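Atoms within a ligand are numbered from 1 in the order they appear, just like the ligands themselves. Everything numeric here is computed off the predicted structure, so don't read it as measured data.
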Amino acid sequence: MTPPAQPRDRLRVAIQKSGRLGDPARELLASCGLTWRESRDKLFCYGESLPVDLLLVRDDDIPGLIADGVCDLGIVGRNVIVEHGLALEAKGGLPLVEWRQLGWGSCRLDVAIPDEQEWTGPEQLSGLRIATSYPLTLGRWLRDQDVDAEPVLLNGSVEIAPRLGQADAVCDLVSSGGTLRANQLKPVTTILHSEAVIAGPDRHLEDGRQEIADLLLRRLDGAVQLKEARLLMLRADRRILDSVLGLLPGGHEPTLMAVEGRDEVAISMLVHGPVSWAKLEDLKRVGAHNLMVLPVEGMLA
Ligand code: PRT
Ligand code: ZN
């Protein structure tokens, strides 16, 4: 008889060990107040400030680790999650879902053809070989377009495949477009817009791990808002209060406090995004004073 699985009461998050998403993922988690002790082989980080451990892996392994329950959540590109989801679906498994979109690591999965060719539309790809590391995502798109083309799986250097005669077109991730240009290819259509996401199973976690995940996600939402947040502070005589309030930038409701011994009000207000000099000058012009814009270091709604 197999012994019952040990309850796991620490959250395990998979992130990329190196590569484009590794550092920003760590920075994001650090901005949520997480601190770690790293294992000697640098593959595991034991969470000290919260029961949240990190597993440092290749990005392609992240969906499988979550699907197998080895990790609870992962920070990975949507492109990886979608491709893995299609593989799982084909086997009757449940695809992972995006618990959060992170707004960085953005790129597109584009079809590109040699520079010298005209682009007339997807039907032009009929009968062609298209080199890609995302054969299932490409295959789904081709089916949606009702185009019969052959995805050719390559796990690296996709962009040189046409020159080597391995393919007629490519389907690859693009951010600046420089790699395609350097290989005399031009993007002709986008089949997926990607960014870094927090991926997880489409269900609640067990053994108290959902509570830890909720706490982490709350902090994360706060951290994302914090990046943009500013506190605007000023003072105004009561007689000009209406004009000052009318000029305040959009954001949260301002807090008004009476100033002891004066016919004045101190106003503070959380603003999303920078407050321009022009806005401060407008407020000053109608009589506001002691204007200050401060960065926000922590926030809980
Ligand atoms: O070692 P490991 O397997 O973990 O890393 P990896 O080499 O597979 O992935 P990595 O670090 O290159 O990318 C991780 C994730 O970053 C991807 O899955 C995407 O979600 C995201 N991302 C964002 C990109 C790019 N932008 C990107 N430009 N991933 C790859 N590229 C490559 C692209 O494949 C092409 O070779 O960069 C080249 C194109 O870039 P431009 O700027 O010339 O258009
Ligand atoms: Zn990879």
Side-chain angles (χ1 to χ4, degrees), residues 12-29 38-39 41-45 54-68 70-71 73-88 95-115 119 130-138 140-141 151-164 166-167 169-200 224:
R12 211 176 276 162
V13 181
I15 65 169
Q16 205 184 6
K17 183 172 190 302
S18 48
R20 290 166 205 262
L21 307 185
D23 285 344
R26 276 194 195 219
E27 280 162 26
L28 180 69
L29 294 167
E38 210 164 331
S39 70
D41 56 11
K42 299 197 183 314
L43 297 178
F44 187 81
C45 294
L54 304 185
L55 208 62
L56 310 183
V57 293
R58 291 200 57 182
D59 65 345
D60 319 75
D61 295 336
I62 292 177
L65 289 167
I66 302 171
D68 294 345
V70 176
C71 290
L73 300 175
I75 298 183
V76 64
R78 176 178 300 131
N79 47 298
V80 174
I81 291 298
V82 168
E83 183 71 12
H84 180 265
L86 290 168
L88 262 187
L96 302 178
V97 294
E98 296 180 12
W99 285 33
R100 287 294 188 277
Q101 288 87 36
L102 297 173
W104 40 267
S106 304
C107 56
R108 314 180 313 255
L109 186 59
D110 278 0
V111 173
I113 60 173
D115 267 339
W119 175 247
I130 309 174
T132 187
S133 306
Y134 298 89
L136 301 178
T137 312
L138 172 62
R140 178 179 69 175
W141 180 81
V152 176
L153 174 64
L154 289 184
N155 284 320
S157 308
V158 167
E159 60 285 342
I160 58 168
R163 272 193 290 153
L164 298 180
Q166 291 171 298
V170 306
C171 171
D172 198 9
L173 297 176
V174 178
S175 43
S176 69
T179 305
L180 289 181
R181 272 195 302 280
N183 288 282
Q184 294 92 50
L185 295 167
K186 61 178 177 192
V188 288
T189 188
T190 296
I191 71 170
L192 181 78
H193 289 275
S194 185
E195 64 184 293
V197 301
I198 299 199
V224 170

Region of [X] engaging ligand 1 - heavy atom pairs below 4.0 Å:
X      : answer
Val80  : side chain
Val158 : neither
Gln16  : side chain
Asn79  : side chain
Ser175 : both
Asp172 : side chain

What distance do [X] atom [atom1] and [Y] atom [atom2] have between them, rounded to the nearest 0.5 Å?
X      : Y      : atom1 : atom2 : value
Leu138 : Ile130 : CG    : CD1   : 5.0 Å
His84  : Thr137 : NE2   : OG1   : 12.0 Å
Ile81  : Ile62  : CD1   : CD1   : 8.0 Å
Arg163 : Ser157 : CZ    : OG    : 10.0 Å
Lys17  : Leu54  : NZ    : CG    : 13.0 Å
Ile15  : Leu55  : CD1   : CG    : 9.5 Å

Ligand 1 atoms in contact with [X] (distance to a heavy atom under 4.0 Å):
X      : value
Leu21  : 15 (C), 16 (O)
Gly105 : 21 (C), 23 (C)
Gly178 : 43 (O), 44 (O)
Arg58  : 1 (O), 2 (P), 3 (O), 4 (O)
Val174 : 44 (O)
Thr179 : 38 (C), 39 (C), 40 (O), 41 (P), 43 (O)
Gly177 : 41 (P), 42 (O), 44 (O)
Gly77  : 20 (O)

Any idea which protein heavy atom is nearest [atom], and the distance to it?
atom                    : result
atom 41 (P) of ligand 1 : Ser176 OG, 3.3 Å
atom 26 (N) of ligand 1 : Cys107 CB, 3.4 Å
atom 8 (O) of ligand 1  : Asp59 OD1, 3.3 Å
atom 35 (C) of ligand 1 : Leu173 O, 3.6 Å
atom 30 (C) of ligand 1 : Arg20 NE, 3.4 Å

**Heteroatom proximity flag, Arg78 to ligand 1, N/O under 3.5 Å** = no
### Message
Ser18 versus ligand 1: do any nitrogen or oxygen atoms come within less than 3.5 Å of each other?
### Response
no
Close side-chain approach of [X] and [Y], heavy atoms under 4.5 Å:
X      : Y      : value
Val188 : Ile113 : yes
Ile191 : Asp110 : no
Leu109 : Trp141 : no
Leu185 : Pro114 : yes
Val82  : Tyr134 : no
Arg140 : Leu86  : yes
Glu83  : Pro135 : yes
Val170 : Leu180 : yes

| query | Which count of protein N, O or S atoms is obtained for distances strictly below 2.8 Å from the Zn ion (ligand 2)? | reply |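 Those protein atoms number 2 in total.
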From the list Leu21, Ile75, Val197, side-chain contact (heavy atoms from CB on, under 4.5 Å) partner of Leu102 resolves to Ile75
Using atom types as modelled and distance alone, determine if a side-chain donor or acceptor of Glu98 lies under 3.5 Å from a backbone N or O of Arg100.
no
